Amino acid sequence: MLRVPCWRVGARLRGLRGGLQAPAESGRRGVVSCIDPSTGLNEEQKEFQKVAFNFAAREMAPNMAEWDQKELFPVDVMRKAAQLGFGGIYVRTDVGGSGLSRLDTSVIFEALATGCTSTTAYISIHNMCAWMIDTFGSEEQRHRFCPPLCTMEKFAAYCLTEPGSGSDAASLLTSAKRRGDHYVLSGSKAFISGGGEADIYVVMCRTGGPGPKGISCIVVEKGTPGLSFGKKERKNILMEVPQRRRVLPDPEGRCEKCLGTVFEGLSPGIGEPGGQDAALSGQLLGSHTAPDFCQVGWNSQPTRAVIFEDCAVPVANRIGDEGQGFLIAMKGLNGGRINVASCSLGAAYASVILTRDHLKVRKQFGEPLASNQYLQFKLADMVARLVASRLMIRSAAVALQEGREDAAALCSMAKLFATDECFAICNQALQMHGGYGYLKDCAVQQYMRDSRVHQILEGSNEVMRILISRSLLQE
């Protein structure tokens, strides 16, 4: 039956891993060998890549559709991944990390993402948070927070985005006022992966004046009084709050939920003069928002608003100095961009393999689709984009590891190029599967849905263009 190549993704990936080296060893040159992800790696890197591929095929791929459809956060599977060293891949070894390089990390995330892109993306965020504490925290903080993060006994969440500050992250409003030996946090964060389930929240908040120099980084632990969460975001619909809510009718007849809602403390409201701009700019004057979204993808990780209402946190939980938070956040995102691009790479790689197999078995007009030259050309374009993306990501990873001055720009380029191209690969894979590709039990549609958001998060691709051009024009 045609659907076998689609939904038996775990079996397909297991077969692929076992035969990955076969073309090169036999002297044959084929599509698998020309996109072989182990090309250019040393023997040690090939070994942990193999471990990651095997884990993805056995523990993740057979479950990824269920995790997506039932919106399950696979805690047990992630803790198994942590036993292999994937909970703190580039965290130092003295606090339980694996101490691997940025290139090693990219190789691992690409492999894991073939099994479940959404879950791997969360693991990448968790790793980024652990690295931020390991790199900028004191020795006491490193030894207190990092060991349980590396084992994934505890999970981490990165809290930067707010309802009114997405790309303009330096305009964030969440405040942290010092009172004795505590900071008292007030405000809210939006679109937080792991929100409500995570144990450690790495929060960017305002301890000083406006702009980036007024931002500090504070760790807030789950269970702290004043810390609460919005409803689990089902990822597509905007917004709901625990306080009073009123929805004004839209004169054009659009869905009220998609148009937006008015919150107590927002003035003017949607539907009132100037209201749309005020709501979209997030000028929150009073109560905090608790978004509830129905997401297109990333359903194996919970996404919630994180709310701080007079939330007292010890000064000892501040990472780095006051005013250093924005720098810490951006340093984290440089690696985060490589990580999420690597997740896109894994989704695209798996989609290419599934599409290749589909073209071989699906017949139309009496011949396999693989004999159609148009589809051959499309497959060739997908493969070229895949390999180009991998090379760009790995180049940026090496630059970041070496601390080169061009690292931030190269990370932005890799994120921009790879997430755009890899989404296009997944989307083309769906198209080449025809109607079967649009079914929920065909893996390519999930790879496509889960990779789409990578063009938005960790800095939108529009912002990546700004960073790249700024780097060049400042020379």
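What you see is a predicted model; the values in this text were computed from it and never measured.
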In terms of heavy-atom contacts, Ile393 and Ser342 come closest through CG2-OG, 3.6 Å
Short side-chain to backbone donor-acceptor contact, Arg178 and Gly180, under 3.5 Å: yes
Roughly how far, to the nearest 0.5 Å, is the CD1 atom of Ile133 from the SG atom of Cys217? 7.5 Å
So CG of Asp406 and CG of Leu400: to nearest 0.5 Å the spacing works out to 10.5 Å
Atom pair CD1 (Ile192) and OH (Tyr158), whose distance is rounded to the nearest 0.5 Å: 9.5 Å
Just so I know, are the side chains of Cys422 and Ser451 near enough to count as touching, which here means a heavy-atom distance under 4.5 Å? no
Contacts of Thr105 meeting side-chain hydrogen bond (donor to acceptor under 3.5 Å, both in side chains) (sequence neighbours excluded), chain-then-number -> none
Answer yes or no: is there a donor N or O on one side and an acceptor on the other, between the side chain of Ser106 and the main chain of Leu103, under 3.5 Å? no
With sequence neighbours left out, what residues match Phe86 under ring pair (Phe, Tyr, Trp, His ring centres under 6.0 Å)? none
I'd like to know if the side chain of Asn461 reaches the main chain of Met464, judged simply by a donor and an acceptor atom lying under 3.5 Å from each other, with no hydrogens or angles considered. no
Return the CG to SG distance between Asp134 and Cys129, rounded to the nearest 0.5 Å. 12.5 Å
Counting only heavy atoms from other residues, nucleotides and ligands, does the tally under 6.0 Å from CD of Glu140 exceed 12? yes
Validation row: Trp67, Asn299 side chains within 4.5 angstrom (heavy atoms): no
How long is the gap from CD1 on Ile89 to CZ on Arg102, to the nearest 0.5 Å? 11.0 Å
Do the side chains of Val306 and Val220 get nearer than 4.5 Å, heavy atoms only? no
Counting N and O atoms only, with roles assigned by atom type, does the side chain of Arg206 sit under 3.5 Å from a partner on the main chain of Leu172, one being a donor and the other an acceptor? yes
Could you list all the ring pair (Phe, Tyr, Trp, His ring centres under 6.0 Å) pairs where at least one residue sits in residues 448-467, not counting sequence neighbours? Trp298-His454
Close side-chain approach of Met132 and Lys331, heavy atoms under 4.5 Å: no
Apply side-chain contact (heavy atoms from CB on, under 4.5 Å) to Phe48 and Phe53, showing your working. CA-CA 9 Å; Phe48 57 67; Phe53 269 133; over 6 Å; no
Is any side-chain heavy atom of Lys80 closer than 4.5 Å to one of Pro74? no
Side chains of Ser300 and Thr119: do they bring a donor and an acceptor to under 3.5 Å? yes
Examine Phe229 together with Tyr201 and report whether their ring centres are nearer than 6.0 Å. yes
Evaluate Leu345 against Met392 for side-chain contact (heavy atoms from CB on, under 4.5 Å), listing each step before the verdict. CA-CA 11 Å; Leu345 196 58; Met392 185 172 281; over 6 Å; no
Any salt bridge linking Arg142 with Glu139? Criterion: basic side-chain nitrogen under 4.0 Å from a carboxylate oxygen. yes
Using a 3.5 Å distance criterion without hydrogens, assess whether the side chain of Asp68 forms a donor-acceptor pair with backbone atoms of Met64. no
Is Lys154 reaching over with its side chain to a backbone N or O of Phe145, donor-acceptor style, under 3.5 angstrom? no
Do the side chains of Val77 and Phe55 get nearer than 4.5 Å, heavy atoms only? yes
Neighbour count >12 (heavy atoms, 6.0 Å) for atom CD, Glu402: yes
Hits for side-chain hydrogen bond (donor to acceptor under 3.5 Å, both in side chains) against Asp199, two or more places apart or cross-chain, chain-then-number order -> none
Donor-acceptor side-chain pairing of Gln83 and Arg79 below 3.5 angstrom: no
Whether the side chain of Glu110 engages the backbone of Val107 through a donor-acceptor N/O pair (distance < 3.5 Å, no angle test) should be reported. no
Glu197: partners by side-chain hydrogen bond (donor to acceptor under 3.5 Å, both in side chains), with sequence neighbours left out: none
SB check Lys415 Glu458 (cutoff 4.0 Å): no
Any donor-acceptor pair under 3.5 Å linking the side chain of Ser395 with the backbone of Leu391? no
With sequence neighbours excluded, what pairs up with Ser193 under the side-chain hydrogen bond (donor to acceptor under 3.5 Å, both in side chains) test? Gln301
Contact summary for Gln455 and Thr419, nearest pair of heavy atoms: CG-O, 3.7 Å
Once the angle between the rings of Tyr122 and Phe73 is folded into 0 to 90°, is it parallel (under 30°), tilted (30 to 60°) or perpendicular (over 60°)? perpendicular
Report yes if the side chains of Ile319 and Gln141 come closer than 4.5 Å at any heavy-atom pair, otherwise no. yes
Kindly check if the number of other-residue, nucleotide or ligand heavy atoms within 6.0 Å of CG (Asp76) is above 12? no
Could you grab the distance from atom CD1 of Ile466 to atom OG of Ser460, nearest 0.5 Å is fine? 7.0 Å
Under a 3.5 Å distance rule, please check whether Ser216 uses its side chain to pair with a backbone N or O of Gly323 as donor and acceptor. yes
Minimal heavy-atom distance between Ser412 and Arg337, with the atoms involved, is OG-NH1, 4.2 Å
For residues Leu160 and Met330, determine if any side-chain heavy atom of one lies less than 4.5 Å from a side-chain heavy atom of the other. yes
What heavy-atom pair brings Gly437 and Cys442 nearest, and what distance separates the two atoms? CA-SG, 3.8 Å
